[in-house]
Amino acid sequence: MTKFSKSSILALFLGALLMTSCNDDDTVAATPEKPSIYARLGGTTLVADPDNAGQMIEQGRLSYRKVVNTTVGLIVADVQNGASGNLGAHFAPVLGEVGAGNTTNLGILVDNLTDFFSFNTGGTNPVNTYSGLDMVNAHNPATNPRMGVKSTNANYDKFVGYVGAAAVQNGVPANSELFTDVVAVLESLRAPIVQQ
Ligand code: HEM
């Protein structure tokens, strides 16, 4: 009788342990997912577009467009200053046009980059639909004559540095989780873009 009681108690104890660990699993499974990068940059909330009077724009898209414009400005400044490791050779076609006063294709590039980043980080409304080339073809001069020369790892590091600096300039703190998540997305695209 005593023996039976002991094993019953042990069974009860083990059962309780098992239930506790099941509950723990349920708790983990129920942890809410982190919002997308697009959502954390302002998401689909419509705001007045500062560059187009009378138009509205999703805040997430506006955040990306600002970062893209700042990135372009940083690339151009380094080319103009002759900074070491600048990306003048890669962007020569578009920079030549801009130098001659034609900004049409620069506008298309900014739009395509904004679509690309927005759509691929959670901004999937039709306004962000990307209609450009895939990353391999976009960065191969043989399939995209607008790409002056192929990119090396060092060129890629430089580019990621510009985007990171542009994000900081537009209010994403460098030591934040959001910043780390943006850099991780950029890193995930290194293999198709670096082609030499
Ligand atoms: C995360 C990294 C990058 C992303 C997401 C990215 C994305 C893009 C996208 C979406 C386009 C437009 C393609 C089209 O319109 O069909 C593009 C074009 C281009 N990219 Fe990148 N890119 C990255 C890195 C780089 C790097 C490292 C370089 C050079 C070192 C570079 C140079 C160019 C050039 C020269 C063009 C063509 C510009 C033009 O149309 O005038 N990109 N890129």
Side-chain angles (χ1 to χ4, degrees), residues 33-52 55-81 83-91 94-95 98 103 105-125 127-136 138-139 146-148 151-194:
E33 263 185 43
K34 190 158 69 168
S36 69
I37 293 177
Y38 191 80
R40 283 178 282 157
L41 286 170
T44 54
T45 304
L46 287 173
V47 296
D49 185 338
D51 295 345
N52 295 292
Q55 289 184 31
M56 304 296 279
I57 183 170
E58 290 187 4
Q59 179 61 64
R61 181 176 177 81
L62 176 59
S63 299
Y64 271 124
R65 198 182 66 198
K66 286 180 177 175
V67 171
V68 168
N69 276 321
T70 305
T71 302
V72 170
L74 292 171
I75 292 173
V76 170
D78 266 6
V79 172
Q80 284 176 340
N81 297 334
S84 152
N86 76 67
L87 304 179
H90 307 85
F91 287 91
V94 68
L95 294 179
V98 173
T103 56
N105 287 320
L106 176 63
I108 293 170
L109 177 63
V110 168
D111 212 37
N112 279 351
L113 282 165
T114 304
D115 289 340
F116 185 88
F117 283 124
S118 297
F119 201 88
N120 289 304
T121 60
T124 51
N125 278 341
V127 66
N128 294 328
T129 302
Y130 175 66
S131 55
L133 296 166
D134 63 70
M135 288 302 98
V136 172
H139 298 93
R146 304 198 56 76
M147 178 81 182
S151 170
T152 63
N153 268 313
N155 302 145
Y156 198 86
D157 292 342
K158 192 83 183 161
F159 186 89
V160 171
Y162 288 130
V163 179
V168 170
Q169 283 186 31
N170 286 284
V172 180
N175 56 355
S176 64
E177 186 179 17
L178 179 54
F179 183 90
T180 308
D181 289 351
V182 169
V183 171
V185 170
L186 300 177
E187 272 306 322
S188 73
L189 295 164
R190 183 182 287 267
I193 292 173
V194 172

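In this text, all values refer to a predicted model and were calculated from it rather than measured experimentally. Sequential numbering from 1 along the given sequence is applied to the chain's residues.
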Could you tell me whether a side-chain N or O of [X] sits under 3.5 Å from a main-chain N or O of [Y], the two making a donor and an acceptor?
X: T121; Y: I37; result: no
X: N128; Y: G123; result: yes
X: N81; Y: A83; result: no
X: R40; Y: P35; result: yes

_Contact summary for V67 and N170, nearest pair of heavy atoms_ = CA-ND2, 3.8 Å
*Inspect the contact between K66 and D51 and indicate whether a charged nitrogen and a carboxylate oxygen are less than 4.0 angstrom apart.*
no
If you look only at distance, which donor and acceptor atoms sit under 3.5 Å apart when one is on a side chain in residues 171-178 and the other is two or more places apart or in another chain?
from : atom 1 : to   : atom 2 : distance (Å)
S176 : OG     : P173 : O      : 2.6
S176 : OG     : F179 : N      : 3.1
E177 : OE2    : K34  : NZ     : 2.9

*What pairs with Y38 under ring-ring contact (aromatic ring centres under 6.0 Å, His included), at least two apart in sequence or on another chain?*
none
*Of all residues at least two apart in sequence or in a different chain, which pass the ring-ring contact (aromatic ring centres under 6.0 Å, His included) check with Y130?*
F116
*Would you indicate whether the side-chain heavy atoms of L87 and D78 approach each other to under 4.5 Å?*
no
*Contacts of D115 that satisfy side chain to side chain donor-acceptor pair (under 3.5 Å) - sequence neighbours left out*: R61
_Results of side chain to side chain donor-acceptor pair (under 3.5 Å) for N120 - residues two or more places apart only_ = none
*Who passes salt bridge (charged side-chain N to carboxylate O under 4.0 Å, His left out) against D134, sequence neighbours left out?*
none
